[in-house]
Amino acid sequence: MQELTNIRQFRLAGEEKIQEFRRKLYEKAKADPKFRFYSLYDKTYRSDILEEAYRRVRANGGTCGVDGITFSNINEKGIIEYLAELQEELKEGQYKPRPVKRVYIPKANGKKRPLGIPTIRDRIVQMTFLMVLEPVFEADFSESSYGFGPNRSAHDAIREIYKYLNWGCEEIYDVDLEKYFDTVEHWKLMRLLARRISDGRILHVIKQWLSCGYVEDNQHYQSKRGTPQGGVISPLLANIYLHPVDKAFERGGIKSISKGSIHIVRYADDMVILAQKNLEKGIGILESYVDRLGLKLNKEKSRRLNLKEDKKVEFLGFQFHRVQNKKTKKRLILVSPSPKSQKRCREQIRKLVSHKIPLKVQDQIRNLNKFLIGWTSYYRLGNASKVLNKICDYVMKRIRRLLQRHRGRKGYGWKRITNGEIYERYGLFYDYRVQWL
C-alpha cells in the first residue's frame with residue numbers, strides 16, 4: 001500500500017512539473033507575441049514528458065497503425081524499455097514516422113469520412129510535441145476559437161452563439177469548408193508554424209508527419225496536401241492554419257454593438273458568422289482569407305440565414321430556435337439537440353437494444369448506459385429537458401420490449417414491469433437533468 005502511495009505521489013509531482021513547464025511557455029508566448037522559440041526539441045524527449053504522453057495515448061485507446069504493434073505488445077516488451085528506445089531515437093535524430101493507416105467512418109449523410117490512424121509510437125511522439133507546442137500557440141489563439149484547446153469546449157462555443165443571438169446578431173452565415181483536412185497546403189502551414197517556432201528539428205519532424213502519406217489496401221500513397229484526421233497533433237495544426245481567419249475578424253469585425261457587430265465562432269473547421277447587420281462584410285473577410293489559405297467554401301452547404309425569418313439554425317449538433325413569448329411578446333432563443341442529433345440517438349439506441357442481439361439483457365443495458373452517459377452529458381445543455389424526456393421514454397420502451405420478448409411475451413409490459421425494477425435491478429441510466437446555459 002505504501003509503495004502504491006509513493007508511486008501516485010511521484011506521478012503527481014511529475015505532472016505538476018510538466019504543468020509548470022507548460023505554464024512558463026504560455027506566459028512567455030503571451031508576454032512577447034513576436035518571440036520565436038528556438039530550443040524546444042530537447043523537451044520532447046524528456047523522460048517525464050514521454051511517460052505522460054504514453055499515459056495519455058494509452059488512456060485514449062485506439063487500434064494499432066500500419067506496424068501492427070498494439071498496447072499489449074508494448075506491455076510484453078516493457079513500457080520502460082519501449083520508451084527508452086523511443087527517447088534514444090528522438091535524441092539522436094533517428095526518429096522517422098510511419099505512414100498512417102487509412103480507414104473510413106460513416107457520416108450522418110450516409111457518406112464516409114477518411115480517418116488516418118498513426119502507429120502508437122507516432123501517437124506518443126505527437127503527444128509529446130502537443131504538450132510542448134500547445135501552450136505556445138494557445139497564447140496566440142483568439143477567443144473565437146473553441147475547438148480542441150485546453151479549457152475550451154463545444155459547450156463554450158454554443159454559449160457564445162447563444163450570447164450573440166441574444167444581442168440581436170440574427171444575420172447568420174453557416175460556413176462549410178470543402179474537404180478541409182484534405183486541402184491544407186503544407187508549405188503555408190509550415191510558414192505559420194515558423195512564425196513562433198524557429199527550432200529546425202521541431203519543424204522537420206512536423207513536415208515528416210505531413211508528408212509521410214497513408215496506406216490503403218496495402219498501397220502506400222504520398223501526401224502533398226492535407227493533414228490526416230485522427231492524428232494526435234492534427235487538431236492543433238488545424239487551429240494554427242485557420243488562426244489567420246480569426247485574427248482577420250478581430251481586425252475587421254465591427255466591435256461596437258450600437259454600430260452593428262460582426263462575430264465569428266469557430267470549432268476547428270466548423271464555424272458560423274453572426275451579425276446585427278452588414279453580414280456581407282463578414283462573408284467578404286472569410287472568403288478573402290479562405291482563398292489566401294488555398295481552401296474552398298462548399299457553396300452547396302454554406303448557407304445564409306436570418307433567424308427572424310428562418311427561426312432555426314444548427315451548429316455542433318444543437319439547434320437554436322427563435323420563439324416569442326405569447327404574453328410578453330418578448331423574443332426568446334431556445335437551445336436544444338437538433339432533430340438530426342435526436343434521430344441519430346434513436347438509431348444508436350435501436351442498434352444497442354434489441355431481442356435480436358445475442359447478448360444478455362444486462363449486457364445490452366450496460367452497453368446502452370455507456371452511450372447514454374456520453375450523449376446526455378453533451379446534449380443536456382440549454383432547453384433540452386423536453387428532448388431528454390422523449391429520449392428517456394424511448395429508452396424505456398425499448399428496454400420493456402426487450403424484457404417482454406425475452407420472457408416470450410408481446411407488448412411493453414406496462415402492468416407487469418415497473419420502472420423501478422428496470423432502474424434498480426438492471427441498473428439502467430436515469431440522469432437526464434439539464435445543464436443551463
Side-chain angles (χ1 to χ4, degrees), residues 26 56 59-60 107-108 130 134-135 137-170 172-177 180 229 232 234-236 238-239 242-243 245-246 249-250 261 263-274 305 307 312-323 332-346 348-349 369-392 429-437:
Y26 178 87
R56 293 187 184 187
N60 290 337
K107 296 171 67 174
L130 180 67
E134 187 178 60
F137 290 97
E138 280 294 327
D140 295 336
F141 288 158
S142 303
E143 292 297 321
S144 58
S145 174
Y146 293 92
F148 307 108
N151 303 318
R152 288 170 177 258
S153 68
H155 283 182
D156 294 325
I158 297 302
R159 291 187 179 98
E160 194 73 355
I161 294 173
Y162 177 74
K163 178 185 76 176
Y164 290 141
L165 291 176
N166 277 297
W167 282 3
C169 299
E170 295 188 335
I172 300 160
Y173 191 58
D174 186 7
V175 183
D176 188 276
L177 293 176
Y180 168 67
Q229 285 181 270
V232 174
S234 292
L236 176 63
N239 280 333
L242 287 173
H243 177 60
V245 176
D246 302 331
F249 273 85
E250 284 186 4
S261 54
H263 306 274
I264 187 170
V265 177
R266 184 173 66 81
Y267 188 89
D269 61 318
D270 291 312
M271 63 187 88
V272 62
I273 302 171
L274 305 99
L305 305 166
L307 210 59
K312 299 175 183 179
V313 64
E314 295 182 7
F315 189 67
L316 297 180
F318 286 88
Q319 177 179 266
F320 300 86
H321 187 193
R322 188 183 195 271
V323 297
L332 299 173
I333 304 296
L334 304 181
V335 182
S336 60
S338 69
K340 291 180 183 178
S341 301
Q342 296 176 49
K343 181 182 178 182
R344 289 196 293 268
C345 177
R346 289 191 291 270
Q348 187 64 21
I349 292 169
N369 283 346
K370 292 178 183 178
F371 168 73
L372 289 175
I373 290 169
W375 197 89
T376 56
S377 65
Y378 182 76
Y379 286 105
R380 65 169 74 245
L381 195 67
N383 312 95
S385 57
K386 186 180 290 186
V387 171
L388 292 179
N389 287 336
K390 286 183 179 179
I391 294 297
C392 178
F429 172 80
Y430 62 89
D431 185 3
Y432 292 90
R433 292 174 294 179
V434 172
Q435 179 183 347
W436 298 107
L437 287 162

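Note that this is a predicted model, so its numbers are computed, not measured.
Here the side chain of Ser385 pairs no donor or acceptor atom with the backbone of Val434 at under 3.5 angstrom. Side-chain atoms of Arg380 come within 3.5 Å of backbone atoms of Asp431 as a donor-acceptor pair (strictly under, hydrogens ignored). Side-chain atoms of Gln342 come within 3.5 Å of backbone atoms of Pro337 as a donor-acceptor pair (strictly under, hydrogens ignored). When atom types are taken as modelled, the side chain of Asp156 and the backbone of Ser153 share a donor-acceptor pair closer than 3.5 angstrom. Remark: the backbone N or O of Ala238 is paired with a side-chain donor or acceptor of Tyr180 at under 3.5 angstrom. A side-chain donor-acceptor contact under 3.5 Å links Ser338 to the backbone of Gly317. Side chain of Asn369 to backbone of Phe429: a donor-acceptor contact under 3.5 angstrom is found.
Phe320 pairs in a side-chain contact (heavy atoms from CB on, under 4.5 Å) with only one of the listed residues (Leu334, Ile158, Ile172), which is Ile158. If you run side-chain contact (heavy atoms from CB on, under 4.5 Å) between Arg266 and each of Val175, Leu242, Val245, only Leu242 comes through.
Note on ring orientation: taking the six-membered ring where Trp is involved, the planes of Phe371 and Trp375 are tilted (angle from 30° to 60°). Ring geometry for Phe318 versus Tyr378: interplanar angle of 30 to 60°, hence tilted.
Distance check, rounded to the nearest 0.5 Å: NZ of Lys386 to CG of Leu388 gives 12.5 Å. The line from OG1 of Thr376 to OH of Tyr432 is 7.0 Å long, rounded to the nearest 0.5 Å. The line from NZ of Lys340 to CD of Glu314 is 5.5 Å long, rounded to the nearest 0.5 Å. Between the OH atom of Tyr146 and the CG atom of Leu316 there is a distance of 11.5 Å, given to the nearest 0.5 Å.
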Evaluation steps, side-chain contact (heavy atoms from CB on, under 4.5 Å), between Val232 and Asn60: CA-CA 10 Å; Val232 174; Asn60 290 337; 5.6 Å; no
Step by step, work out the side-chain contact (heavy atoms from CB on, under 4.5 Å) result for Phe137 and Asn239. CA-CA 9 Å; Phe137 290 97; Asn239 280 333; over 6 Å; no
Go through it in stages, so that I can follow the logic: the residues are Cys169 and His263, the test is side-chain contact (heavy atoms from CB on, under 4.5 Å), and I'd like the CA-CA distance, side-chain angles, deciding distance and then a yes or no. CA-CA 8 Å; Cys169 299; His263 306 274; 4.0 Å; yes
Starting from the C-alpha separation in whole Å, work towards a yes-or-no answer on side-chain contact (heavy atoms from CB on, under 4.5 Å) for Tyr379 and Val387. CA-CA 9 Å; Tyr379 286 105; Val387 171; over 6 Å; no
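For the side chain to side chain donor-acceptor pair (under 3.5 Å) test, no residue two or more places apart in sequence or in another chain qualifies with Arg159. Residues meeting the side-chain contact (heavy atoms from CB on, under 4.5 Å) test with Pro235, sequence neighbours left out: Phe148. Applying the side-chain contact (heavy atoms from CB on, under 4.5 Å) test to Leu332 and every residue at least two apart in sequence or in another chain returns Val323, Asn325. Legend: residues meeting side-chain contact (heavy atoms from CB on, under 4.5 Å) with Lys163, ordered by chain and number and at least two apart, are Glu160, Trp167. Listed by chain and residue number, nothing satisfies the side chain to side chain donor-acceptor pair (under 3.5 Å) test with Asn166 (two or more places apart in sequence, or in another chain). In terms of the side-chain contact (heavy atoms from CB on, under 4.5 Å) criterion, residue partners of Ser144 (sequence neighbours excluded) are, by chain and number, Ser142, Asp246, Ile264.
Looking at Leu177 and Met271, their side chains come closer than 4.5 Å, going by heavy atoms from C-beta outward. Taking the side chain as every heavy atom from C-beta outward, Tyr164 and Ile333 never approach each other to under 4.5 Å. In this structure the side chain of Arg344 reaches within 4.5 angstrom of the side chain of Ser341, judged on heavy atoms. Using a 4.5 Å heavy-atom cutoff, the side chains of Asn383 and Trp436 are in contact.
Here the two rings, on Tyr162 and Phe315, have centers that are 6.0 Å apart or farther.
The two residues His155 and Ser377 have their closest heavy-atom pair at CE1-O, 3.5 Å. Scanning both residues, Lys312 and Leu305, for their nearest heavy atoms gives O-CD1, 4.3 Å.
Shown here is Tyr430, whose OH atom has no more than 12 heavy atoms of other residues, nucleotides or ligands within 6.0 Å.
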